[in-house]
Each structure stands twice: as C-alpha cells, then as structure tokens.
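We're numbering straight along the sequence, starting at 1.
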Amino acid sequence: AHDVRAVADEDSFLLGDGLLVAPVLEAGATTRRVYLPDNRLGWYGFHDGEWHPGGSAVEVEAPLGRLPVFAPAGSGVPLADSLAADAEQDRWRGVRIYAAPGEVVTETTIYDDDGVTLGWNALDGRETVVRVATDEKTILVTARCQGRYRPAYEAIDVEIASDVDPERVVSVG
C-alpha cells in the first residue's frame, strides 16, 4: 500500500531492500521520534529487536554512535564481523531473522564470492537462501546453498530478533 505519511517523511530513508534508517539531525539529541511506514507485518528495532506495528510513530533511544535502524518483520539481515578484503580472513557469517507474526514464509539470500576475480559473472559465487516459515507456534529456519565458491566460514549463525519466544525456533540444515 502507498503510505502518504512515509513519502512526506524527508529525513528517514530505506537502505537496500528494506532497512529503514532514521538519522538524528538535532544536535545533542539522544532520542528520536520515527514514523514507521504502514506495512502488514510491522517493524523490528535493529539494535533491540523490539517489534512495532507499521503505520505508527515511535520514540527510540538514539545515543551518540547508535543510529536508529528498523528492519521489516519477515526479513533477514546478513551479518559479518568484519569487512575483510581477503576472503580467507572472512571466517564468520550470520543472519539476523526478524520473524513475521502469523503464518508467513520469507526468504533472505546471502551472496559470497572471492571478492577479487570476476567469477560472479560465470556463476562462481555462492548463494545461500535462508527460508523462514512462521506460524503461531513455530519458526522454522532452513537453508540451501548453490554455487561453486566455498567461503572461509563453515556455517552461518542464525540469530532471531529478541522479541520472539526462543521456544518457537526450529533450525534445520
């Protein structure tokens, strides 16, 4: 749906496919009021994992050095512990899942390659698709990989947003 109020909000913006970034523009401010665009699943605070309904305004903590960022429910955000230029030093990968309420299936794709050659043109990279299926009782996380590239990390750590009951999480593969 088209959210007129979100369009009128000139100081927040989307980063990539869905992270909502709300910079603090007022000198000395340590909180920030943010309008979260209307969507059917809501939003999670990136830092605290707190769920908020779409189409609402929230007051959030914004201490110096912590930018208010929100992820849409149903999304997954790939994580790395460094931006190593040498792919052999890139030994950890994670994905933070912002599980959607209700019965929803979502997918997040993590792409890796050696970062140097043009192998991605010849499909020499690797795509890992993380699928999350939720219902009222369970969050089922599965993954499938394709491609020839083998990264230095051996597994992808799955982290679930903190507002989710950990007893609901089932991870397979």
Query - Heavy atoms of other groups near Arg126 CZ, more than 12 under 6.0 Å - result: yes

Requested in this report: Could you check if a side-chain atom of Arg66 sits within less than 4.5 angstrom of a side-chain atom of Glu61, using non-hydrogen atoms only?
Outcome: yes

Query raised in the report: Any idea which heavy atoms bring Ile110 and Asp112 closest together, and the distance?
Result: CG2-OD2, 3.9 Å

**Report entry** cation_pi(Arg96, Phe46) dist<6.0 Å, angle<=45
**Finding:** yes

Query raised in the report: Mind checking whether Leu67 and Val77 sit in one hydrophobic cluster, side chains of I, L, V, M, F, W, Y counted as touching below 4.5 Å?
Result: yes

**Report entry** Any side-chain heavy-atom pair of Arg32 and Ser12 under 4.5 Å
**Finding:** yes

Query - Under 3.5 Å donor-acceptor, Arg148 side chain and Gly125 backbone - result: no

Query raised in the report: Would you say Val21 and Phe13 make side-chain contact, with heavy atoms under 4.5 Å?
Result: yes

Query raised in the report: Hey, mind stepping through Arg131 and Val141 against side chain to side chain contact (heavy atoms under 4.5 Å, CB included) and telling me if it holds?
Result: CA-CA 6 Å; Arg131 183 179 186 267; Val141 180; over 6 Å; no

Report task. Give a yes or no on whether Glu59 atom CD has more than 12 heavy-atom contacts from other residues, nucleotides or ligands under 6.0 Å away. Result -> yes

Report task. Would you mind reporting whether Ile139 and Val132 have side-chain heavy atoms less than 4.5 Å apart? Result -> yes

Query raised in the report: Yes or no on side chain to side chain contact (heavy atoms under 4.5 Å, CB included) for Thr31 and Val60, after CA distance, side-chain angles and deciding distance?
Result: CA-CA 5 Å; Thr31 62; Val60 295; over 6 Å; no

Report task. Count the heavy atoms of every other residue, nucleotide or ligand shown that sit under 6.0 Å from CG of Leu25, and state whether that count exceeds 12. Result -> yes

Query raised in the report: For the side chain of Trp43 and the backbone of Pro37, is there at least one donor-acceptor N/O pair under 3.5 Å apart?
Result: yes

Requested in this report: Taking all heavy atoms of Thr134 and all of Ala100, pick out the closest pair and write down the distance.
Outcome: OG1-O, 3.1 Å

Requested in this report: Indicate yes or no for a side-chain donor-acceptor contact from Ser56 to the backbone of Pro53 under 3.5 Å, with no hydrogens or angles considered.
Outcome: yes

Query raised in the report: So which heavy atom on Phe70 is nearest to which on Gly45, and how close?
Result: CD2-CA, 3.8 Å

Query raised in the report: At their closest point, which heavy atom of Thr128 faces which heavy atom of Ala143, and how far apart are they?
Result: CG2-CB, 4.3 Å

Requested in this report: Please check if Leu15 and Tyr98 belong to a single hydrophobic cluster, counting links between Ile, Leu, Val, Met, Phe, Trp and Tyr side chain heavy atoms closer than 4.5 Å.
Outcome: yes

**Report entry** Sub-4.5 Å side-chain heavy-atom contact between Leu20 and Val34
**Finding:** yes

Query raised in the report: Can you name the closest pair of heavy atoms from Val24 and Ala29 and give their distance?
Result: CG1-CB, 3.8 Å

Query - Side-chain donor/acceptor of Trp51 to backbone N/O of Leu41, under 3.5 Å - result: yes

